[in-house]
Trainee: 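Have a look at this one before I ask anything.
In the text below, chain A, chain B and the rest are named by the order of the sequence lines, each starting its count at 1.
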Number of protein chains: 2
Amino acid sequence: MKTYQPRLLQEDLYSIPIDAFFKSAFSVDCVIFGYHEAELKVLLIQRGTEPFENYWALPGDLVYPNEDLDSAALRILNDLTSLTNIPIQQVKTFGKVDRHPLGRVITIAYLALVEPTDLAPHASSWASDTRWHPIDDIPQLAFDHREILEVSLEELRSRILHEDLWSKVLPAKFSLTQFQELFETILGKTFDKGNFRKKVVKFKFLQKLEEAQRGVSHRPSLLYSFDAKRYQEMKANGFSFEF
Amino acid sequence: MKTYQPRLLQEDLYSIPIDAFFKSAFSVDCVIFGYHEAELKVLLIQRGTEPFENYWALPGDLVYPNEDLDSAALRILNDLTSLTNIPIQQVKTFGKVDRHPLGRVITIAYLALVEPTDLAPHASSWASDTRWHPIDDIPQLAFDHREILEVSLEELRSRILHEDLWSKVLPAKFSLTQFQELFETILGKTFDKGNFRKKVVKFKFLQKLEEAQRGVSHRPSLLYSFDAKRYQEMKANGFSFEF
DNA sequence: TCAAAAGTGTTATAGGTACACCCATGT
DNA sequence: ACATGGGTGTACCTATAACACTTTTGA
């Protein structure tokens, strides 16, 4: 039987002994953040099987042999939330030797930001529960999922400034206060109202509408919509928020 | 024989049929950038075996079963350059189904920035040649290595602003002009001399030394050293360059 | 004394920060 | 009329950009 000679036949599958190098697998884990009305949550499943039975965990799955990594992440997202057409982003690959008790499994973490919709009914055999957890009240997690979640949260904070992830969790018509709340919640900061508005209105991708809020017991706020095309143009020229 | 029921036994190795899910492997590819005197290069090897025999490629290798991903990347870096103690950073994982002609192989790309030292003698069987290539004169590459290189270059440009990668490729004592050249080369921009210096001197981690350049036929420049401790303090408070 | 690159200074403009204040609505 | 949050204006200060200028060296 052939043995693997490091560096001799690099990346040549035929020279690798099954029993040494193929005791490994790769999975995708999804960190699905949900934002709604100044609350940031994350979607966790409760595991129905060993290892880590009954622990909460990030939803994840092995990648099918004929499936791209991105597709696998989208599949998981879609299975759980029925959402399609959501942009997902690779965060990082976690591959510590001992991260999985049953063997060598590396996992590629993906990130999405969605509105916390009602959850699709799930097969009870694969997860005993599925639930949105507030980001500052996370139970003990299986595997290294705590670390994956923390890294992903940092990544979310960074990406929200460089991409229009946020546009998926705002209503079609929104007030500048809602817009500010979103960034305050996710970044964990607060901003001066006047200065925030000045900064944000300069960027021409927030379109002021004729319409206003109704039925509130204070001055109604004017509504804005997001001009995605303009945003993309500006992004192409290097635009990003600097909050 | 057990078959894999999607979602039923998530991440449970024992339920996965070898012949369906284990025809895969993962490797690490290193994008080793070299910077010296206003020149940015990348270290490529020429493949000595099929597939893509004789093509230039990023140095990479399969990850050993008992080896962490980071360790694998460091091993490759060390084998080629004899450098140790170099910070490496994960860039992204590339996993298109058809990216490798011989089977399902995903690869985790790593990035490093080093001084282009003399190369360690290499086993001729694993690579027929090893060479630094100027970043704007890259030959056709094997696999999807062109894409990996491009993504990694973008990542380098971004990281150089947020981390002190650059400190590894400057001499212990350097002039502000050298410092400026480095950022100009890597970012592909030019900066006004006076403004650049003003901006950079404000940050207290460049220590002006008593010493000056010698033997140049113009006014000798004052030399600076890098105060890594101070930099780390500032980084902890959220510092990054904004060039 | 000249070329070359180091290093400093000046000015106009833009942008950020910290406020105070006014406005429109429902109760 | 008042509480509530929406929305605007101002004054100060700092950062930036463009550019001209002075300084030090070797040849």
Trainee: Measure the distance from CZ on B/R197 to C1' on D/dT22 and round it to the nearest whole Å.
Mentor: 13 Å
Trainee: Would you kindly give the NZ-to-C1' distance between B/K199 and D/dT14, to the nearest whole Å?
Mentor: 13 Å
Trainee: How close or far is atom P of D/dA15 from atom CZ of B/F243, stated in whole angstroms?
Mentor: 15 Å
Trainee: Should the pair A/F52 and A/Y55 be assigned to parallel (<30°), tilted (30 to 60°) or perpendicular (>60°) ring geometry?
Mentor: perpendicular
Trainee: Between B/F196 (CZ) and C/dG7 (P), how many Å, whole number?
Mentor: 13 Å
Trainee: Separation of B/R219 atom CZ from C/dG7 atom P, in whole Å?
Mentor: 6 Å
Trainee: Using atom types as modelled and distance alone, determine if a side-chain donor or acceptor of A/Q180 lies under 3.5 Å from a backbone N or O of A/F191.
Mentor: yes
Trainee: Short of 4.0 Å, heavy atom to strand atom, which residues of residues 203-218 of chain B count as contacting DNA chain D?
Mentor: B/V216, B/S217, B/H218
Trainee: Which residues within residues 175-191 of chain B lie with some heavy atom under 4.0 Å of an atom in DNA chain D?
Mentor: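 None, since no heavy atom is under 4.0 Å.
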Trainee: Establish whether the base of D/dG5 is bridged to the side chain of A/K193 by a donor-acceptor pair shorter than 3.5 Å.
Mentor: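 Answer no: no donor N or O sits under 3.5 Å from an acceptor.
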Trainee: Quick check: does any side chain N or O of A/D192 sit under 3.5 Å from a backbone N or O of A/G194, one acting as donor and the other as acceptor?
Mentor: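 It does hold such a pair.
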Trainee: Between the base of C/dG15 and the side chain of A/K198, is there a donor and acceptor pair under 3.5 angstrom?
Mentor: no
Trainee: Any salt bridge between B/D144 and B/R99, counting N to O under 4.0 Å?
Mentor: yes
Trainee: From D/dG7, C/dA6, C/dG16, pick the nucleotide closest to the side chain of A/L222?
Mentor: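 Closest nucleotide to the A/L222 side chain: D/dG7.
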Trainee: Can a salt bridge be assigned to the pair B/K189 and B/E184 using a cut-off of 4.0 Å between side-chain N and carboxylate O?
Mentor: no
Trainee: Answer yes when A/E233 and A/K235 have at least one side-chain N-carboxylate O distance shorter than 4.0 Å, and no when they do not.
Mentor: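 The answer is no: the pair does not qualify as a salt bridge.
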Trainee: Closest to the A/N195 side chain: D/dG6, D/dC19, C/dA18?
Mentor: C/dA18
Trainee: Applying the ring pair (Phe, Tyr, Trp, His ring centres under 6.0 Å) criterion to A/W166, which one of A/F174, A/F226, A/F33, A/Y35 satisfies it?
Mentor: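 The option that passes is A/F226.
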Trainee: Any salt bridge between A/E211 and A/K173, counting N to O under 4.0 Å?
Mentor: yes
Trainee: Considering heavy-atom distances to DNA chain D, does A/S221 or A/D192 have its closest nucleotide positioned more toward the 5' end?
Mentor: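 The answer here is A/S221.
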Trainee: Would you call A/D227 and A/K229 a salt bridge, using N to O less than 4.0 angstrom?
Mentor: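 Judged by the 4.0 Å cut-off on N to carboxylate O distance, A/D227 and A/K229 do not form a salt bridge.
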Trainee: Quickly work out the B/E242 CD to D/dT16 P distance and round it to whole Å.
Mentor: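 Those two atoms, CD and P, are 8 Å apart.
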